[in-house]
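Comments concern the structure below.
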Amino acid sequence: MCEVRAMEMLQIFLWIVYPYSVVAIVAMGLVWQYDASREEGTRSKAGRLLLGVVKTLMAASTATGIAIVLSSSIAYEPVLLLRWLISLAQLQPDMSLVMDVSILSKVHFIIVFLFLLSLAFTKEIYYLLKPHLYLKKIFLKLHFERRG
C-alpha cells in the first residue's frame with residue numbers, strides 16, 4: 001500500500017510539478033539573463049562545464065526525439081504528448097495521457113526538461129527567444145573556421 005502511494009507521488013511530481021517548476025525557472029532565467037546576455041566575457045571552469053552539460057542534454061533530447069518519430073510502433077505518441085502539453089498549458093494536467101506513452105517518450109520529456117532547466121542557468125537562455133541568433137553564431141563560426 002505504501003509502495004503504491006509512493007509511486008503515485010513520484011508520478012505526480014514527474015508529470016505535474018516538475019514541468020511547471022521548469023517553466024517557472026526558465027521564465028525567471030529569461031528575465032534575469034536577458035540583459036546579461038549582451039555582455040561578452042571569459043567563461044569560468046564551472047561555466048564551461050555547465051555549457052557542456054547543456055550541449056550533451058540537447059544532443060540527447062534530439063536523439064530521443066528522432067527515435068520517437070522514427071519508431072513505427074509508437075506513431076500515435078506525438079499526438080498524446082501534444083495533448084498532454086496542451087493540458088499543462090491550460091492548467092488542467094491530464095496524467096492519463098502521459099501514462100499511456102512509451103518509456104522512450106517519458107525519458108525524452110525528462111531529458112528535454114533537464115535541458116531547459118540547465119539552459120536557464122546559462123547566458124544562452126536568450127536563444128529561446130531569438131533562435132536565429134544561435135544559428136547565425138554557428139554559421140559565422142563555421143565560416144571563420146573555413147577561412148582560417
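Since this is a predicted model, take the numbers as computed values, not measurements. Here, residue 1 is the first one in the sequence, and each next residue gets the next number.
Taken to the nearest 0.5 Å, the CD1 atom of I110 stands 5.0 Å off from the CG atom of L14. Summarising the geometry, atom CG belonging to L119 is positioned 9.0 Å from atom CG belonging to L51; distances are rounded to the nearest 0.5 Å. Rounding to the nearest 0.5 Å places NZ of K141 at 8.0 Å from CD1 of I138. Summarising the geometry, atom CG belonging to L80 is positioned 10.0 Å from atom OG belonging to S102; distances are rounded to the nearest 0.5 Å. The CD1 atom of I111 sits 11.0 Å away from the OG1 atom of T56 when rounded to the nearest 0.5 Å. A distance of 12.5 Å separates CG of L10 from CZ of R5, quoted to the nearest 0.5 Å.
For L135, there are no side-chain contact (heavy atoms from CB on, under 4.5 Å) partners two or more places apart in sequence or in a different chain.
Under the 4.5 Å side-chain contact rule for hydrophobic residues, F121 and L49 do not share a cluster. No chain of hydrophobic side-chain contacts below 4.5 Å, direct or via other Ile, Leu, Val, Met, Phe, Trp or Tyr residues, connects V23 to M95.
Judged by distance alone, the side chain of S61 and the main-chain N or O of L57 form a donor-acceptor pair under 3.5 Å. Remark: the backbone N or O of I68 is not paired with any side-chain donor or acceptor of H108 at under 3.5 angstrom.
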Start with the C-alpha distance between L91 and Y20, add both sets of side-chain angles, then the distance that settles side chain to side chain contact (heavy atoms under 4.5 Å, CB included), and finish with yes or no. CA-CA 9 Å; L91 302 178; Y20 286 128; 3.8 Å; yes

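At a threshold of 4.5 Å between non-hydrogen side-chain atoms, the residues L117 and V26 do not count as touching. For the pair M99/K106, a side-chain contact is recorded, criterion being any heavy-atom separation below 4.5 Å from C-beta on. L114 has its side chain within reach of Y18: a pair of non-hydrogen atoms, C-beta onward, lies under 4.5 Å apart.
Using cut-offs of 30° and 60° on the angle between ring planes, the pair F109 and F113 is tilted.
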Would you give me the side-chain donor-acceptor pairs under 3.5 Å for residues 81-90, sequence neighbours excluded?
unit_1 : atom_1 : unit_2 : atom_2 : d
S87    : OG     : W84    : O      : 2.7
S87    : OG     : D94    : N      : 3.2

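Residues V101 and L97 come closest through the heavy atom pair CG1-O, 3.7 Å.
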